[in-house]
Amino acid sequence: MDKNEISIILEEIGTLLELKGENPFKVRAYYNGARTVEMLEEDLNQLIKENRLQEVKGVGKALVEKITELVTTGKLAFYDELKESTPPGLLEMLRIPGVGPKKISVLYKDLGIKAVDELEDACLQNRLVSIKGFGEKTQKKILEGIENYKNYKNQFLISTGLNYGTYIYEQLKELPQVQRISLAGSIRRFKEVIKDIDLIVSCEENNIDYIMDYFTNLEGVARVTGRGITKCSITLDVGMNVDMRIVNDEAFPNALQHFTGSKEHNTALRHRGKQMGYKINEYGLFNGEEKVYVGSEEDIYNILKLQYIPPEIRENNGEIEAAELNDIPKLVDLDLIKGVFHVHSNYSDGKNTIEELVKAAIDKGFKYIGISDHSKSAIYAGGLKEQDIVRQHEEINNLRVKYSNITILKGIESDILLDGSLDYDENTLESFDYVIGSIHSSFNIDGDLMTERMLRAIKNKHLKILGHVTGRLLLSRNGYGLDLKKIINACAENKVAIEINSNPHRLDLDWRMCRYAKEQGVRLVIEPDAHKIEGLDHIFYGIGVARKGWLEAIDVLNTSDINEVREFFKG
DNA sequence: GCCGTTTTCGGCCCGACTGTTTTCAGTCG
């Protein structure tokens with residue numbers, strides 16, 4: 001059983017205990033434990049063998065026992081009993097907005113409700129109003145919550161969130177009443193999947209109502225779900241919730257920091273503040289009763305004797321410790337990207353000609369562009385047969401003469417076949433400047449086999465870049481179940497770069513693994529996987545992933561100049 | 001359940017909003 005599975009079980013134990021009305025701090029201990037295990041760098045088996053698991057912060061005697069039982073036996077009696085005694089539908093009910101563990105507990109005890117559908121029936125039959133603590137409005141709200149839950153399940157790609165978030169941001173920014181405004185929350189932290197949009201606005205007190213009115217009347221607003229003095233919430237037609245917080249301008253940096261989160265980062269930050277004698281909330285930073293002047297987010301971190309921490313890495317994943325040591329990495333940025341290698345032309349399933357792509361790359365200021373169409377096994381995508389490759393290489397030779405201010409590279413996105421071999425013979429593979437290896441078929445084999453398949457491809461001397469490694473499609477398909485660490489280690493050993501596929505549906509390699517790859521000395525490549533000119537702009541999302549994964553320019557191959565790139569491809 | 005140069009017991013981050021209640025509990029972020 002791996003860390004991820006154990007983390008999920010600990011998390012579920014936390015939820016189950018919460019439903020049972022357990023001590024909230026005990027519940028939190030399990031949630032913390034789940035996070036700790038998920039983020040753990042070291043191997044669990046190793047830690048257990050060396051009796052060092054209890055040295056991990058947040059893991060005490062009880063969790064050591066339970067994790068050990070899970071690792072060694074693959075089961076946990078405590079968890080099984082807990083699950084046995086709780087109807088599974090109760091867990092799902094938690095996902096209805098406005099319904100938490102306390103309400104579920106009462107509903108279960110008083111009305112015997114143990115699933116979402118039963119709750120819906122009970123609301124429709126007007127049975128909730130009879131319970132103490134429940135009323136007309138609660139029942140209505142729960143019913144609406146169920147509808148919302150069923151319709152949308154409340155998850156969106158970061159690209160969707162940014163589209164709508166930027167639209168609202170731009171509208172509000174134009175208002176003279178708005179002093180400062182920013183997106184916050186998971187979008188600002190660049191989570192790959194988001195649940196809602198957070199906006200922070202500052203203004204004079206007498207303008208609050210005007211701005212809230214404007215906000216709730218924006219085009220695309222389906223309904224207003226809450227409105228108070230400082231907070232206003234709406235749901236868009238597409239089902240996405242947007243929370244706007246309004247503060248006075250003096251508190252803007254504090255509010256921005258607070259609502260950017262993550263919750264875990266803020267908890268740790270407040271804890272640090274408390275030890276230093278400060279209280280931190282969304283309105284300010286206080287030394288006793290006295291408010292400490294804060295002009296920017298930077299000030300908050302500096303007062304706490306920390307280097308500024310960029311929003312993307314605020315996940316309580318070592319950033320506070322790093323900031324303490326002045327050791328926050330200088331994160332890679334979009335303007336440092338000098339070119340890309342994963343681009344499809346109309347030779348396979350791309351829309352544009354090579355020349356159009358080259359011109360677009362020049363316009364973007366790129367110093368090089370590689371063309372990498374699909375290989376011959378990708379029939380569905382019009383993959384290139386040997387004679388197509390000859391034709392394509394001739395065209396590139398001609399374009400190289402015509403466009404001397406950019407380097408055009410000959411690449412291929414070769415299918416990694418079921419046995420781990422690449423799609424062409426030695427001579428053909430030799431004719432490319434580089435080969436990207438990706439899996440496009442036989443997804444549904446066992447994780448171990450998939451790992452072996454990929455390891456064999458990595459050892460092929462022609463393979464230079466591993467494409468969309470886990471094969472996941474966000475919100476629709478899980479990855480292949482690879483042993484990612486093995487894959488990354490092998491890439492380090494064989495000097496193979498790993499792609500960060502910037503397509504917002506993929507964002508693969510995941511940011512959580514970027515740091516591990518970096519530490520093993522693996523180069524990452526931020527790739528658009530473009531199928532038309534506009535697709536080149538997707539690298540914006542890849543940059544977000546790279547930043548969230550603590551990557552610096554030196555970790556990213558396509559920040560290098562062409563000579564270094566060529567050297568890397570020569571191996 | 002975890003943790004400790006104040007502590008091995010008694011804390012554990014903090015506040016807004018809502019709905020149901022006449023002072024507060026639950027939920028959310």
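Quick note on labels: first sequence line is chain A, next is B, and so on, each numbered from 1.
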Subject >> Nearest-nucleotide 5' precedence on DNA chain B, A:Lys141 against A:Lys279 >> reply: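 In this pair, the answer is A:Lys279.
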Original post:
Mapping A:Val27 and A:Tyr283 to their closest nucleotides on DNA chain B, which lands nearer the 5' end?
Top reply: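 Closer to the 5' end of DNA chain B: A:Val27.
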Original post:
When you check the phosphate oxygens OP1 and OP2 of B:dT20, does a side-chain N or O of A:Thr138 lie under 4.0 Å from one of them?
Top reply: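 Yes, A:Thr138 has a side-chain N/O under 4.0 Å of OP1/OP2 on B:dT20.
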Identify all side-chain donor-acceptor contacts of residues 118-131 of chain A below 3.5 Å with residues at least two apart in sequence or on another chain.
from, atom 1, to, atom 2, distance (Å)
A:Glu118, OE1, A:Lys114, N, 3.0
A:Glu120, OE1, A:Lys150, NZ, 2.8
A:Gln125, OE1, A:Arg127, NH1, 3.0
A:Asn126, OD1, A:Gln139, NE2, 2.8
A:Ser130, OG, A:Arg127, O, 2.9

Heavy atoms under 4.0 Å, any strand shown: does [X] hit a base, just sugar-phosphate, or nothing?
X	result
A:Leu63	sugar-phosphate
A:Lys132	nothing
A:Lys66	sugar-phosphate
A:Asn23	base

Subject >> Integer-rounded Å distance: B:dC2 P and A:Ile67 CD1 >> reply: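 Taking CD1 of A:Ile67 and P of B:dC2, I get 9 Å after rounding.
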Subject >> Salt-bridge contact A:Lys195-A:Asp243 (side-chain N to carboxylate O under 4.0 Å) >> reply: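 No, this pair does not count.
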Subject >> Salt-bridge criterion met for A:Glu324 and A:Lys305 (N-O under 4.0 Å) >> reply: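 Judged by the 4.0 Å cut-off on N to carboxylate O distance, A:Glu324 and A:Lys305 do not form a salt bridge.
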Subject >> B:dT22, syn or anti by chi within 90 degrees of zero >> reply: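 Chi for B:dT22 falls in the anti range.
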**OP:** Look at the aromatic rings of A:Phe190 and A:Tyr541 and report parallel, tilted or perpendicular, splitting at 30° and 60°.
**Re:**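 Answer is tilted, since the angle falls between 30° and 60°.
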Original post:
Once each nucleotide of nucleotides 24-29 of chain B is scored for protein heavy atoms under 4.0 Å, what B/S/- sequence comes out, 5' to 3'?
Top reply: --SSS-
